[in-house]
Amino acid sequence: MTSQRKVRVRFAPSPTGPLHIGGVRTALYNYLFARRHGGDMILRIEDTDSQRFVPGAEKYINEALAWCGIEIDEGVEQGGPHAPYRQSERREIYFKYAMQLIEAGHAYYAFDTPEQLEALRTQAEARGEAFAYNYAVRGELATSLVLSPEEVKARIERGEGWVIRFKMPEGRDVEMHDAIRGQVVVNTSTLDDKVLYKSADSLPTYHLANIVDDHLMEISHVIRGEEWLPSLPLHYMLYEAFGWSATQPEFAHLPLLLKPGGGGKLSKRDGDKMGFPVFPLRWEAPTGEVSRGYREDGYFPEAFVNMLALLGWNPGTEQEIFSMEELIAQFTLERVGKSGARFDPEKARWFNATYLKTKTDEQLGELLLPILRSHGVDACIFLATKVARLVRERATFVADMWDLSSFIFNAPTEYEQKAVEKFWKGENPARLAALRGVLEGVGDFTAANIDTAIHSWIESNALPMGQVMNTFRLAVVGESKGPGMADICEMIGKEGTLERLSAALNKLGQ
RNA sequence: GGCCCGUUCGUCUAUCGGUUAGGACACCAGAUUUUCAUUCUGGGAAGAGGAGUUCGAUUCUCCUACGGGCUACCA
């Protein structure tokens, strides 16, 4: 809350699977905010759910952030003054603070079994109500609030299951502040006594661990998804119960990322069902199920980050293309939107195409080279760069350049029907045969020479340019698309070009 | 059901009481082009509804509707 405090933010994902783009955006906003204010970015792994823990998820999170260019100052891999940064390694800390809450009367032991709670829920449901574990019912349940200290001690020693619940005050209006939404007020009577400490795995729940760690790690701003807004009053009360209100962080709840078609927030499960990745990186689940990622789909990390940054934030100007440095320089929480943003795969592609345009031929050639080789082309960087220069303006992804240029390396085996109908008629085949002769006479087979030869031939014979060139293209490429014919011929070479003309003349007939 | 958040073109959004409501993606048309693409030009397209407040509401307030989130010994 105080502006004097050093900015320290954290991204605190749960390793229950791969990070999806909503999570990446949250990490990005945290990072931008930290860098903007010369603060620290902390990565904390919230693995307090032993049931849903997924091996490999933590590694994935680190890799994904690194790919995006989101640098971590303190975290599981980097270490730091507040290590460990993995909550499962901080058990004693949470237990100590849970005890502190009980002693201060802000929390209590509850001995209800899952079955008993389930029964209470179904009973309430039968009455048309929703069961809430709160001030109204806690006095009638088996808790340390009503049981004698001896009885409580005995139950614990006997090994009976217990949890620690927060004793939510009754009838208090909690006035909260959110950097994005302004003031929010909630009455505590609408809240319930949340479990703070689970007996099942001897770990705290998110709420306790979160508040304790944010406090201990001196977090100044909590920037997280809107799904946490409902638990903000609980968190406020927790800070108060611990006596930490004075150093409580400022909160900012980010609007959610919605499915493209509407109908809910973008979730991990959407996967590639909807035809676009929801994960930054490819993910192979322990079950063997594979989900694709932006990296593997050929997105430039800069484009991906740029696209994500603008999904819920904008600088108020008409600038749309931002480097990470520009984002850092301009990012403010005040300009984050309030409403959920529907993710648009089409615009994501546009961003990539735009970034591709900014690359040099050499850069694209370097990226294209391995792709060319993977298709069996014995290419060098010089060749790859040349190919890139020829087809780049038609590509959205680097990989597109192979589809756009493969005809250079593989002569057409069939010809596009429509183009054949349109051009392989009349005098065109005969003209093509003549053109073959013209090309045969070109000594140094460069694009410039080829161009000159063809044009002077066309002009001196007063031939219809469109008819000749399109027929020519059909014969060499196999369809009606691609770069200029002179460039194509140079790439293919004299021998190859002449062969293709003969082949077309043979197959399509004269 | 309860609690909370939200609501400007199809989508992402600008607008901090007075604008022909701007931009981008997508879409359509035209120009350029040996094809495709690029590029350029132009076009259609929005303030959920209803009450207020005000000289004046997209902008402030309330109600309704709709959308979303939360409601676990998950985060």
Side-chain angles (χ1 to χ4, degrees), chain A residues 12-16 46-49 51-52 110 112-114 117 121 124-125 128-133 161-165 178 180-181 184-187 189-192 194-207 209-210 224-233 253 255-256 258 260 262-265 307 310-321 335 337-351 353-354 357 391-395 404 419 422-423 454-455 458 464-474 477 479-486:
Chain A
S14 180
T16 54
E46 308 221 327
D47 54 347
T48 56
D49 185 351
Q51 303 301 308
R52 295 200 307 155
D112 318 276
T113 63
L117 289 174
R121 283 194 192 98
E125 212 172 304
E129 295 165 17
F131 173 72
Y133 203 116
W162 52 266
V163 298
I164 296 172
R165 283 180 184 272
D178 181 278
I180 294 168
R181 281 150 227 286
V184 179
V185 182
V186 174
N187 190 283
S189 292
T190 64
L191 273 19
D192 58 357
K194 279 277 175 289
V195 170
L196 298 179
Y197 204 90
K198 307 172 275 180
S199 68
D201 45 15
S202 298
L203 279 166
T205 58
Y206 171 87
H207 306 293
N210 190 263
R224 74 224 303 193
E226 195 184 0
E227 70 267 28
W228 291 109
L229 196 51
S231 46
L232 186 57
H253 290 87
L256 266 16
L258 274 19
K265 68 169 173 175
M307 178 272 295
L310 254 32
L311 226 45
W313 172 86
N314 77 82
T317 65
E318 283 174 5
Q319 183 179 356
E320 285 210 277
I321 301 302
R335 293 210 62 90
K338 290 176 170 61
S339 47
R342 197 153 287 149
F343 175 73
D344 181 8
E346 210 45 67
K347 188 125 189 190
R349 292 169 52 80
W350 174 79
F351 270 109
T354 302
K357 286 184 182 41
V391 301
R392 56 177 300 161
E393 66 194 32
R394 294 165 181 76
L404 293 165
K422 196 169 173 192
F423 298 109
I454 295 177
H455 280 94
I458 287 177
M465 171 96 112
Q467 290 298 313
V468 174
M469 295 310 283
N470 284 309
T471 310
F472 186 23
R473 178 178 298 279
L474 171 62
V477 179
E479 48 190 327
S480 294
K481 64 177 191 186
M485 287 309 297

For this session: Indicate yes or no for a side-chain donor-acceptor contact from Thr16(A) to the backbone of Arg52(A) under 3.5 Å, with no hydrogens or angles considered.
Result: no
For this session: Could you check which nucleotide pairs with U38(B) in any of the strands shown, counting Watson-Crick or G-U wobble with both distances under 3.5 Å?
Result: none
Exercise. Per the atom types in the model, does the base of C5(B) pair as donor or acceptor with the side chain of Arg181(A) at under 3.5 Å?
Worked result: no
Exercise. According to the Watson-Crick and G-U wobble definitions, with both distances under 3.5 Å, which nucleotide is paired to A24(B)?
Worked result: U11(B)
For this session: Dump the intermediate steps for side chain to side chain contact (heavy atoms under 4.5 Å, CB included) on Lys347(A) and Glu320(A), then the final yes or no.
Result: CA-CA 11 Å; Lys347(A) 188 125 189 190; Glu320(A) 285 210 277; 3.2 Å; yes
For this session: Using atom CG of Leu311(A) as one end and atom P of A24(B) as the other, report the distance to the nearest whole Å.
Result: 18 Å
For this session: Could you please name the partner base of A51(B), counting Watson-Crick and G-U wobble pairs only when both distances are under 3.5 Å?
Result: U61(B)
For this session: Using a cut-off of strictly less than 4.0 Å, decide whether Lys198(A) has a side-chain nitrogen or oxygen near OP1 or OP2 of A75(B).
Result: yes
Seminar exercise, completed: Nearest-nucleotide check on RNA chain B, Ser339(A) vs His207(A); residue mapping nearer the 5' end is Ser339(A)
Exercise. Okay, side chain of Asn470(A), backbone of Gly466(A): is any donor-acceptor separation there less than 3.5 Å?
Worked result: yes
For this session: May I ask you to say what Asp178(A) touches in the nucleic acid, namely base, sugar-phosphate or nothing, with a heavy-atom cut-off under 4.0 Å?
Result: nothing
Exercise. Heavy atoms under 4.0 Å, any strand shown: does Val163(A) hit a base, just sugar-phosphate, or nothing?
Worked result: base
Exercise. When the distance from CD of Glu227(A) to P of A75(B) is rounded to whole Å, what number comes out?
Worked result: 13 Å
For this session: Report yes if a donor N or O on one partner sits less than 3.5 Å from an acceptor N or O on the other, where the partners are the side chain of Ser199(A) and the base of C73(B); otherwise report no.
Result: yes
Exercise. Taking the side chain from Gln467(A) and the backbone from Met469(A), do they hold a donor-acceptor pair closer than 3.5 Å?
Worked result: no
For this session: Classify the nucleic acid contact of Arg335(A) as base, sugar-phosphate or nothing, counting any heavy atom under 4.0 Å across all strands shown.
Result: sugar-phosphate
Exercise. Considering every strand shown, what is the Watson-Crick or G-U wobble mate of C70(B) when both distances are under 3.5 Å?
Worked result: G2(B)
For this session: Take atom CG of Asp344(A) and atom C1' of C12(B), then tell me their distance rounded to the nearest Å.
Result: 7 Å
Exercise. Below 4.0 angstrom from OP1 or OP2 of C25(B), is there any side-chain N or O of Arg349(A)?
Worked result: no
Exercise. For the pair made of CD in Glu226(A) and P in G67(B), what is the distance, rounded to whole Å?
Worked result: 16 Å
Exercise. Roughly how many Å is it from CG in Asp201(A) to C1' in A75(B), rounded to a whole number?
Worked result: 13 Å
Exercise. Reckon Lys194(A) has a side-chain N or O less than 4.0 Å from the OP1 or OP2 of U71(B)?
Worked result: no
Exercise. Atom CG of Asp192(A) to atom P of C3(B): distance rounded to whole Å?
Worked result: 14 Å
For this session: Classify the side chain of Lys347(A) versus the base of A24(B) as yes if they form a donor-acceptor pair under 3.5 Å and no if they do not.
Result: yes
Exercise. Between Gln319(A) (CD) and G23(B) (C1'), how many Å, whole number?
Worked result: 13 Å
Seminar exercise, completed: Whole-Å distance, Arg342(A) CZ to C66(B) C1', equals 12 Å
Exercise. Can you tell me if the side-chain N/O atoms of Thr317(A) get under 4.0 Å from OP1 or OP2 in G23(B)?
Worked result: no
Problem set entry | Residue of the set Arg224(A), Arg181(A), Lys338(A), Glu226(A) for which side-chain hydrogen bond (donor to acceptor under 3.5 Å, both in side chains) holds with His253(A) | Arg224(A)
For this session: Quick one, give me the B/S/- string for nucleotides 28-46 of chain B, reading 5' to 3', where B means a protein heavy atom under 4.0 Å from the base and S means that only happens at the primed atoms, P, OP1 or OP2.
Result: ------BBBBSS-------
Seminar exercise, completed: When Glu318(A) and Trp228(A) are each assigned the nearest nucleotide of RNA chain B, the 5'-most assignment goes to Glu318(A)
For this session: Just say parallel, tilted or perpendicular for the rings of Trp228(A) and His207(A), cut-offs at 30° and 60°.
Result: perpendicular
For this session: Could you let me know what A46(B) is paired to, Watson-Crick or G-U wobble, both distances under 3.5 Å, or none if it's on its own?
Result: none
